[in-house]
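Scroll down for the structure; my scribbles are underneath it.
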Amino acid sequence: MDRNQATGLILFAAVILIYSIFFASGPEIDPSEETIAVENTVTPNQGSIEEFPPIQKEETDSLSEDKINRYGVLATLTLGKEEIVTLENDVIKVDVSTKGGTIKNVELKEYKTWEGKPLLLLDEESSSMSQMLETTKGPVLLEDFYFFPELTSETSEDGKQIQVLTLQTGTESGTLLHRFELVEGSYQVKKSFEINDYQGVFTQNHLSISWNDVARAHEQDLAESRRKTEVNYYTAEGSYENLGVGDSPEAESPTEAVKWIGFSQRFFTAGIIADQNFSNINVAQSTPTDSAFVRQMEASFYVPMTEGKADYTFYFGPDRYKVLKQVTEGFEKNVDMGYFFVSWVNKYIIVNLFAFLEKYFSNYGVIIILIVLIIKLALSPLTYKSYIGMAKMRVIKPEIDELKEKYGEDPTKMQQEQMKLFSQLGVSPVAGCLPLLFQMPFLFAMFFFFPNSIELRQESFLWANDLSTYDEFIKLPFTIPFYGSHVSLFTLLMTISQIVYTHFNNQLTTATGPMKNLGYIMPVMFMFILNSYPAGLSFYYFVSNMVTFGQQALIKLFVDDEKIRQKVEANKVKNANKKKSKFQQRLEDAMKAADANRKK
């Protein structure tokens, strides 16, 4: 305090003293009747539960009769002033209100919206959570009560810092307490609510929670964001369920207990996980008309209370498969890894391969190229067998054409003679197809991995600003049906490379007629389908086609059709007197029976 401040205070005190002596004298007040006024606001580090300030007489007198009738002994808890206390670690920031102990805002510090703004996964303007208890006076909302905050820091057994926020309030009849825990580096907020004493006040052994969130659009592609945003939940029996991705309103009331409920967006999830199971669940979702929002999601449920305490955990974070898998059972299903016949490729191969390459490379275009090379190298034995199988079919094409001329009008006889020819020459018509069939899970797995890969979000490569969405190389002044209003150059390159590959491949096969032309139609169809898919996916298939060209050119250097022909002729001599196998005989008998039935 400087000299001017001290002088001002002395003069102010002198004026007050003179006024009280000469102008403000009056009847004496009995100290026993004096009312003491207290402030309702408190600061963190208020103290333990037993030490919180009691509600004073003036506050009690100011309560309306309606509040007293409605809340009973809890009425004084409705007096106070709201404060916002922040829990924060290196990845998230959570704002908690002292009015009701509800979470108001959640910011993911590592991420930004597509516009470069802070990414608020929850915010008080578009989301809310109410907590209700049943009392002898009827239902009461915890949001009507004011709590005193205490923010402390602890150290876990493994040396990590834990921020602990305790919110407490009460009367002579008992106390209410919220406790939040946020561990360093974690996206999980552990929460507990506890009732101490208040005998005969609360009538049920559960806490009712109602959660509503109108999820904001964090990505540029609104249509894709809405397609990937939904309410989902995981039952106690281990079943993953969701409300789907359509625009029509959906609602469900599962009869079985639920382990967790998630408001899952394309790349992020806000979820609540039970220590015990939730019951009396109702979930719903609808699509807002406002383009600033992607989905309105709602959930209501009961949290069981054991000895006056309810425990559960929030998850606010990215949809990274490995992160979600550590949260709780089934929580990783918030990331769509595809159907069962391709999901194993993503879960056990692509996710781990991607995580490994991320340690050494920061450019995700380079990572995609390396993934293509690694997968192609691993599948090269199948590619080689497929090429050899097609080469064998190619060198025996004259014999097949001869059979067509001779038995073309009798399909059954034609099939029988073809089977006999294949047996004699030691050629299998499916030898070139089966290796390709084994590669299909890897091809289809990418349709699920890239659109749901948060690793690609806002990562640029070449002309693509964001590999997790389409690369808008040219913006069209009009919209082409089923194509869109933009041109994706990666998709265009993929289409051209696929057409060239089809032309090259047709030279190696015996396909004719419509089957031969089908290979040209499919790339054009995919050009329309993939134009609005992530650039990372189109780039992957483009690189994959280019590597396949290189593989086939390399194989062709070491595979001579003349040598294959000599091997086929040797098999023909060797198998000239070979008896039919039991399978061939049964197949031939089945063909004859089918032909006989057809003639009848």
Could you check whether [Y] and [X] have their ring centres less than 6.0 Å apart?
{"X": "W463", "Y": "F490", "answer": "yes"}
{"X": "F331", "Y": "Y315", "answer": "yes"}
{"X": "F449", "Y": "F354", "answer": "yes"}
{"X": "F448", "Y": "F444", "answer": "no"}

Do [X] and [Y] have a side chain donor and acceptor closer than 3.5 Å?
{"X": "E194", "Y": "S192", "result": "no"}
{"X": "Y233", "Y": "E252", "result": "yes"}
{"X": "R295", "Y": "T287", "result": "yes"}
{"X": "Q161", "Y": "Q163", "result": "no"}
{"X": "D221", "Y": "Y470", "result": "no"}
{"X": "S97", "Y": "E82", "result": "yes"}
{"X": "D275", "Y": "Y312", "result": "no"}
{"X": "D144", "Y": "Y71", "result": "yes"}
{"X": "S126", "Y": "D123", "result": "yes"}
{"X": "N242", "Y": "K333", "result": "no"}
{"X": "Q168", "Y": "T175", "result": "no"}

Considering only NZ, NE, NH1 and NH2 on the basic side and carboxylate oxygens on the acidic side, decide whether [X] and [Y] come within less than 4.0 Å.
{"X": "E455", "Y": "R320", "result": "yes"}
{"X": "R179", "Y": "E181", "result": "yes"}
{"X": "E125", "Y": "R216", "result": "yes"}
{"X": "E219", "Y": "R457", "result": "yes"}

Hey, what do you get for [atom1] ([X]) to [atom2] ([Y]), rounding to the nearest 0.5 Å?
{"X": "F145", "Y": "T169", "atom1": "CZ", "atom2": "OG1", "result": "8.5 Å"}
{"X": "T102", "Y": "I209", "atom1": "OG1", "atom2": "CD1", "result": "11.0 Å"}
{"X": "N363", "Y": "E358", "atom1": "CG", "atom2": "CD", "result": "12.0 Å"}
{"X": "D319", "Y": "Q265", "atom1": "CG", "atom2": "CD", "result": "8.5 Å"}
{"X": "K325", "Y": "K322", "atom1": "NZ", "atom2": "NZ", "result": "10.5 Å"}

Does a side-chain heavy-atom distance below 4.5 Å link [X] with [Y]?
{"X": "I261", "Y": "Y234", "result": "no"}
{"X": "V342", "Y": "M337", "result": "no"}
{"X": "Y146", "Y": "L77", "result": "no"}
{"X": "L177", "Y": "L167", "result": "no"}
{"X": "S127", "Y": "L122", "result": "yes"}
{"X": "K137", "Y": "N69", "result": "no"}
{"X": "K117", "Y": "H218", "result": "no"}

**Study point:** Result of checking V366, L353, V543 against I371 for side chain to side chain contact (heavy atoms under 4.5 Å, CB included)
**Key:**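 Of the listed options, the one satisfying the test is L353.
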Aromatic rings [X] and [Y]: how do their planes relate, parallel, tilted or perpendicular, breaks at 30° and 60°?
{"X": "F461", "Y": "F539", "value": "tilted"}
{"X": "F268", "Y": "Y111", "value": "perpendicular"}
{"X": "F314", "Y": "W211", "value": "perpendicular"}

Exercise for review: Indicate yes or no for a side-chain donor-acceptor contact from E143 to the backbone of Q131 under 3.5 Å, with no hydrogens or angles considered.
Suggested key: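 Here the side-chain-to-backbone pair exists.
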Check your understanding: Is R226 reaching over with its side chain to a backbone N or O of F293, donor-acceptor style, under 3.5 angstrom?
Key ->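 Confirmed, R226 side chain pairs with F293 backbone.
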So, for [X] and [Y], which heavy atoms are closest and what is the spacing to 0.1 Å?
{"X": "A75", "Y": "K67", "result": "CB-O, 3.8 Å"}
{"X": "V231", "Y": "Q285", "result": "N-OE1, 2.8 Å"}
{"X": "L324", "Y": "P318", "result": "CD2-O, 3.7 Å"}
{"X": "G365", "Y": "L467", "result": "N-CD1, 4.1 Å"}
{"X": "Q458", "Y": "T113", "result": "NE2-O, 3.2 Å"}
{"X": "H486", "Y": "S532", "result": "CE1-OG, 3.4 Å"}

Exercise for review: Sorted by first residue and then second, give each side-chain hydrogen bond (donor to acceptor under 3.5 Å, both in side chains) pair with at least one member in residues 197-208; sequence neighbours left out.
Suggested key: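 Applying side-chain hydrogen bond (donor to acceptor under 3.5 Å, both in side chains) to every pair that reaches into residues 197-208, excluding sequence neighbours, yields T171-Y198, Q204-H206.
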Answer yes or no: are there more than 12 heavy-atom neighbours, outside [X] itself, under 6.0 Å from its atom [atom1]?
{"X": "E307", "atom1": "CD", "answer": "no"}
{"X": "E237", "atom1": "CD", "answer": "yes"}
{"X": "Y339", "atom1": "OH", "answer": "no"}
{"X": "K112", "atom1": "NZ", "answer": "yes"}
{"X": "K376", "atom1": "NZ", "answer": "yes"}

Name each donor-acceptor pair under 3.5 Å that joins a side chain in residues 88-96 to protein atoms two or more places apart or in another chain, with its distance.
residue, atom, partner, partner atom, Å
E88, OE2, K109, NZ, 2.9
N89, OD1, V91, N, 2.9
N89, OD1, I92, N, 2.9
N89, ND2, V183, O, 2.8
N89, ND2, S186, O, 2.9
D90, OD1, G185, N, 2.9
D95, OD1, T86, OG1, 2.8
D95, OD2, N105, ND2, 3.4

Point to revise | S538 and its side-chain hydrogen bond (donor to acceptor under 3.5 Å, both in side chains) partner, picked from T491, D471, N531 | key: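 Looking at T491, D471, N531, the match for S538 under the side-chain hydrogen bond (donor to acceptor under 3.5 Å, both in side chains) is T491.
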